[in-house]
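So you know, we letter chains A, B, ... as the sequences are listed, proteins then strands, and number each from 1.
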2 protein chains.
Amino acid sequence: MPTRVERKNATRHAILQAALRLSAERGFSSLSLRGIAAEAGIAPTSFYRHFQDIDDLGLALVDEVGLSLRQLIREARRRVSARKNTGVTRASIETFMEFADSNATLFRLLLGEGAGSTAPFRRAIAKEIARFTDDLSDDLRSAAKESGKPLADVGLAAEAMVTIAFNLGAAAIDLPAEERRKVADRIIAEVRMVVRGAQAEAAAAR
Amino acid sequence: MPTRVERKNATRHAILQAALRLSAERGFSSLSLRGIAAEAGIAPTSFYRHFQDIDDLGLALVDEVGLSLRQLIREARRRVSARKNTGVTRASIETFMEFADSNATLFRLLLGEGAGSTAPFRRAIAKEIARFTDDLSDDLRSAAKESGKPLADVGLAAEAMVTIAFNLGAAAIDLPAEERRKVADRIIAEVRMVVRGAQAEAAAAR
DNA sequence: GACATGAGCGTACATATGTACGCTCATGAT
DNA sequence: ATCATGAGCGTACATATGTACGCTCATGTC
C-alpha cells in the first residue's frame with residue numbers, strides 16, 4: 001500500500017518523465033502544460049499541485065537530469081577502471097556514448113536548450129555541465145600522476161573534452177547505429193588530441 | 001521607386017529578421033506565426049505569401065544565416081591575415097568572438113536548436129556547421145604548409161576546434177563583456193591545445 | 001488605357017492553451 | 001470516530017494560435 005507522500009512523489013515523477021519524453025520530440029521550449037498533463041495522465045489543473053509553472057518544472061527537470069547523469073557517470077567510471085586492456089580515453093568515451101544512447105532524452109534536454117529557453121534555465125544547464133568538467137578535471141589530475149605524464153591547464157583540457165564529447169555526442173543521437181560508432185571514433189581521436197596537446201604544453205613549459 | 005519584386009523581397013526579409021529577433025528571446029521552436037507577423041508588421045495571413053509554414057521559414061532562415069556567417073567569416077579571415085603580429089589562433093578566435101557578439105542572434109539560432117526543433121531543421125543546421133569545419137580544414141592545411149609544421153588528421157582537428165569555439169562562444173553570448181573576454185581566452189588556449197596535439201601526433205607518426 | 005496578377009488586409013472560426021474556482025474523497029492525525 | 005488536509009478532477013473562460021476565404025488596389029503587361 002503506497003503511502004500518501006509516495007503517491008504524490010509518483011505523480012511528480014510521472015510529470016517529469018512525461019515532460020522529458022515530450023521535450024525529446026519538440027524541444028523543451030515548446031512544451032505545453034496541457035500536453036504534459038495529458039502525457040502524464042493527469043488533469044491539466046493537477047499540474048499546479050506539483051509545480052508553479054512550466055519554467056519551475058524545467059528547473060526541477062535539470063536538477064533531476066543532472067543527478068541521474070552524474071550517477072551514471074560515476075558508475076561508468078568504475079566500469080572503465082575495470083577494463084584496463086583498452087586505452088582510458090577509448091574506454092571513457094565508449095562508455096559515455098553507450099549511455100548517451102540509452103538516455104538520449106536526458107542528453108537532448110541538457111544539450112538541446114542552449115538558447116531555446118529562458119536565461120535561468122540556461123544557467124542551470126550550464127552549471128550542470130560545469131560539474132561534469134570539474135569531475136573530469138579531478139580524474140585527469142590523478143591519471144596524470146599515475147602515468148607520470150603531467151598535463152598543462154587541466155581545467156581547460158577538461159572543458160575542451162567535455163565540450164567535444166557532449167556536443168558531438170548529442171548530434172549523433174539521431175544517427176543510425178553504425179554512424180554513431182564512427183562519431184564515437186572521431187570523438188575519441190579528438191579527445192586524444194587534446195590530451196596530447198596538454199601533455200606537449202606541459203613538456204614545453206618545463 | 002522600389003519595384004514590385006523588390007518590395008516582396010523586402011517583406012520577406014522583414015519576416016526573417018523578425019523571426020530571428022524573436023527566436024533570440026524564446027527560442028526558435030516557440031515562435032508563433034502570429035507573433036512573427038506582428039513583429040514584422042504584417043497581417044498574420046500575409047505570412048503565407050512568403051512561406052508555407054513556420055518550418056519552411058526555419059529552413060530559409062538557416063540558409064540565410066549560414067550565408068551571412070560564411071561571408072562574415074571570409075571577411076574576418078582577411079582581417080586576420082592583416083594583423084600578422086598576433087598569433088594566428090588568437091587573431092582568429094578574437095575575430096570570431098567579435099562578430100559572435102555583433103551577430104548574437106545568428107549564433108543563437110545556429111546553436112540553440114540542437115534538439116529544440118524538427119529533424120530536418122536540425123540536419124540543415126548540422127550541414128551549415130559542417131561547411132565551417134570544411135573551410136577551416138582548408139585553412140589549417142595551407143597554414144601547416146607555410147609554417148612547415150604538419151598536422152595529423154586535419155579534419156578531426158578542425159571539427160574539434162569548431163565545436164569548441166561555437167559552443168563555448170555561444171554560451172558566452174549572455175555574459176557581461178569582461179566575462180566574455182575570459183571565455184575567449186579559454187577558447188584560444190583550448191584550440192591551441194588541439195593544434196599542439198595534432199602537431200604532436202604528426203611528429204610521432206613520422 | 002484595359003486588364004490580369006498577386007501582395008497584403010480584415011474577418012471569421014475551430015482549436016489549443018493557461019489558469020481560476022470549487023468539488024470530491026481518500027488519507028492520516030486527533 | 002471525527003475531522004482537517006490536500007491530491008486530483010471537471011467546468012469554465014479569456015486569450016492565443018493556425019488558417020480558410022474573399023476583398024482591395026497598386027503594379028506591370030498587353
Side-chain angles (χ1 to χ4, degrees), chain A residues 1-61 64 109 113 116-121, chain B residues 1-61 64 109 113 116-121:
Chain A
M1 308 302 101
T3 167
R4 206 149 194 235
V5 272
E6 279 174 346
R7 277 205 170 285
K8 175 157 188 183
N9 273 351
T11 330
R12 184 191 152 93
H13 204 240
I15 295 176
L16 288 170
Q17 289 303 315
L20 212 47
R21 243 171 293 140
L22 290 183
S23 76
E25 289 165 22
R26 294 281 162 194
F28 174 83
S29 44
S30 64
L31 286 184
S32 81
L33 186 151
R34 287 177 111 104
I36 296 168
E39 177 82 13
I42 61 170
T45 48
S46 301
F47 179 92
Y48 295 109
R49 298 287 183 195
H50 303 271
F51 304 98
Q52 290 223 329
D53 51 32
I54 296 193
D55 283 346
D56 188 25
L57 184 166
L59 295 183
L61 209 48
E64 187 148 292
L109 179 80
E113 299 297 329
S117 189
T118 57
F121 191 79
Chain B
M1 313 296 100
T3 167
R4 210 155 189 227
V5 272
E6 280 172 347
R7 276 203 171 287
K8 174 157 188 183
N9 273 351
T11 10
R12 184 192 151 94
H13 205 240
I15 295 175
L16 288 170
Q17 289 303 315
L20 213 46
R21 243 171 294 140
L22 291 182
S23 75
E25 290 165 22
R26 294 280 161 194
F28 174 83
S29 45
S30 62
L31 286 186
S32 81
L33 187 151
R34 286 177 110 105
I36 296 168
E39 177 82 11
I42 62 170
T45 48
S46 301
F47 179 92
Y48 296 109
R49 298 285 182 194
H50 303 271
F51 305 99
Q52 291 223 329
D53 51 33
I54 297 194
D55 283 345
D56 188 24
L57 184 166
L59 295 183
L61 209 48
E64 186 148 292
L109 179 79
E113 299 297 330
S117 188
T118 57
F121 191 78

Just the rounded figure in Å: distance from P of D:dG28 to NZ of B:Lys8.
14 Å

Using atom OH of B:Tyr48 as one end and atom P of C:dC9 as the other, report the distance to the nearest whole Å.
15 Å

For B:Leu33 and C:dC9, give me the distance from atom CG to atom P, rounded to whole Å.
13 Å

Is A:Thr45 near enough to C:dC21 that one of its side-chain N or O atoms lies under 4.0 angstrom from OP1 or OP2?
no

Could you check how far CG of B:Asp56 sits from P of D:dT19, rounded to whole Å?
12 Å

So, taking the atom named CZ in B:Phe51 and the one named CG in B:Leu16, what distance separates them when rounded to the nearest 0.5 Å?
4.0 Å

Length of the line joining B:Arg49:CZ and D:dA26:C1', which is rounded to integer Å:
14 Å

Using heavy-atom distances to pick each residue's nearest nucleotide on DNA chain D, tell me which of A:Pro44 and B:Ser32 is more 5'.
A:Pro44

Classify the side-chain pair B:Ser29/A:Ser29 by whether it contains a donor and acceptor separated by less than 3.5 Å.
yes

Please determine, for C:dA26, whether a Watson-Crick or G-U wobble partner exists with both distances under 3.5 Å, and give it or none.
D:dT5

For A:Ile42, report the nucleic acid contact type (base, sugar-phosphate, nothing); a contact means any heavy atom under 4.0 Å.
sugar-phosphate

Would you tell me if any nitrogen or oxygen in the side chain of B:Ser46 comes within less than 4.0 Å of OP1 or OP2 on C:dA7?
no

Return the value, rounded to whole Å, for the distance between atom CZ of A:Phe47 and atom P of D:dG10.
18 Å

Give me the atom names and distance for the closest heavy-atom approach of B:Ile15 to B:Ala40.
CA-CB, 4.0 Å

Roughly how many Å is it from NE2 in A:His50 to P in D:dA7, rounded to a whole number?
7 Å

Donor-acceptor pair under 3.5 Å: do we get one between A:Arg34's side chain and the base of C:dT19?
yes

B:Arg4 has a side chain; which of C:dG6, D:dC9, C:dC9 sits nearest to it?
C:dG6

Quick one: which of C:dA7, D:dA7, D:dG18 gets closest to the side chain of B:Thr11?
C:dA7

For A:Gln17 and A:His13, run side chain to side chain contact (heavy atoms under 4.5 Å, CB included): C-alpha distance rounded to whole Å, both residues' side-chain angles, the deciding distance at 0.1 Å, then the answer.
CA-CA 6 Å; A:Gln17 289 303 315; A:His13 204 240; 3.8 Å; yes

Go nucleotide by nucleotide along DNA chain D from the 5' end; which of B:Arg7 and B:Ile54 gets its closest nucleotide reached first?
B:Ile54

Whole angstrom value for the distance that separates C1' of D:dG8 from CD1 of A:Ile15
10 Å

Any side-chain to backbone donor/acceptor pair from A:Ser32 onto A:Gly35? Under 3.5 Å, distance only.
yes

